[in-house]
Amino acid sequence: MDTPIVILNYKTYLESSGIKALELANDLESAASESGITMVAVPQAADIYRVSQETSLPIFAQHVDSISPGGHTGSNLINTLIDAGISGTLINHSENRMKLADIAEVIKSCRDYEIESCVCTNNIETSKAVAALNPVAVAVEPPELIGTGIPVSQAQPEIVEDTVKEVKSINKKIKVLCGAGITTGDDMKSAMDLGADGVLLASGIIKAESPKDALLDLVSKL
Ligand code: G3P
């Protein structure tokens, strides 16, 4: 992942599901090529193959289960997701939290299969714990701000700044992203000014009248 990085988590909004997952990927692809900024699509598992066939965007899964091939009905197996087209995954999103042992296992699988791991955390302490596991990226998101439109980079700058400081002191190669409420160019610029390598976001883009314009605005102040 080159910096600055924009990771768009599609979650399970209808505006980013099915055929709309593809439309959003096209918007991401043109915004990425117009701006030169790395943009990553994170569709639902069922939409990964469709998006990977039609775009050349980097695609992450929203969640990978800590399982091996076999009897695990309803789970997300890393091998299948890689076949479908992912080059990385979110891990431990606040809306799909995992046990520490499972986070460690999935980070290791990502390393073994040479895909990228972006672990979501809810505070500075968790970010430090996760950094010790050496993922490619840590994305700090205060859960109370998720989906509110109140940007973490402006409402709680200290959590971004301190997460950057603590994580980089453990391993300076780990990318640090922030998320929750990030929507505008000012929100992203504040995140980068605080030392972040990029942002993880969802509703501000997915719910926008024109997601492509919203993406271009997001990166307009870099
Ligand atoms: O994964 C992104 C996230 O949880 C932030 O969501 O809607 O506040 O941008 P949102």
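Hydrogens, waters and symmetry mates are skipped; everything else that's a heavy atom, side chains included, is used.
Contact detail for C118 and I7: the closest heavy-atom pair is SG-CD1, 4.3 Å.
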Begin from the C-alpha positions of L57 and V40 and carry the test side-chain contact (heavy atoms from CB on, under 4.5 Å) through to its verdict. CA-CA 6 Å; L57 283 170; V40 179; over 6 Å; no
Assess whether side-chain contact (heavy atoms from CB on, under 4.5 Å) is satisfied between T3 and K175, documenting all intermediate values. CA-CA 9 Å; T3 50; K175 311 272 189 208; 3.9 Å; yes
Hey, mind stepping through D65 and H72 against side-chain contact (heavy atoms from CB on, under 4.5 Å) and telling me if it holds? CA-CA 9 Å; D65 286 293; H72 303 284; over 6 Å; no
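I37 and L215 fall within the same hydrophobic cluster, where Ile, Leu, Val, Met, Phe, Trp and Tyr residues are linked whenever their side-chain heavy atoms come under 4.5 Å apart, directly or through other members. I107 and Y113 fall within the same hydrophobic cluster, where Ile, Leu, Val, Met, Phe, Trp and Tyr residues are linked whenever their side-chain heavy atoms come under 4.5 Å apart, directly or through other members. Residues V136 and I78 do not share a hydrophobic cluster, defined by chaining ILVMFWY side chains whose heavy atoms lie under 4.5 Å apart. Linking Ile, Leu, Val, Met, Phe, Trp and Tyr residues whenever their side-chain heavy atoms come within less than 4.5 Å leaves M188 and I146 in two separate clusters.
T183 has its side chain out of reach of L218: every pair of non-hydrogen atoms, C-beta onward, lies at least 4.5 Å apart. L200 places none of its side-chain heavy atoms less than 4.5 Å from the side chain of C178.
No side-chain N or O of S190 forms a donor-acceptor pair with one of D193 less than 3.5 Å apart. When only modelled atom types and interatomic distance are considered, S17 and Q44 share a side-chain donor-acceptor pair under 3.5 Å. If you check the side chains of Q156 and E144, you find a donor sitting under 3.5 Å from an acceptor. No side-chain donor-acceptor contact under 3.5 Å links D83 and Y49.
Ion pair R50/D47 flagged as a salt bridge, since at least one NZ, NE, NH1 or NH2 atom sits closer than 4.0 Å to an Asp/Glu carboxylate oxygen.
A donor-acceptor pair under 3.5 Å is formed between the side chain of S153 and the backbone N or O of D187. Here the side chain of Q62 pairs a donor or acceptor atom with the backbone of V42 at under 3.5 angstrom. With S169 contributing its side chain and E166 its backbone, the two residues share a donor-acceptor pair below 3.5 Å. Formation of a donor-acceptor pair under 3.5 Å by the T126 side chain with backbone atoms of N122 is not found in this model. Using a distance-only test at 3.5 Å, with no hydrogens or angles considered, no donor-acceptor pair links the side chain of E116 to the main chain of T89. A donor-acceptor contact shorter than 3.5 Å is absent between the side chain of S127 and the backbone of T121.
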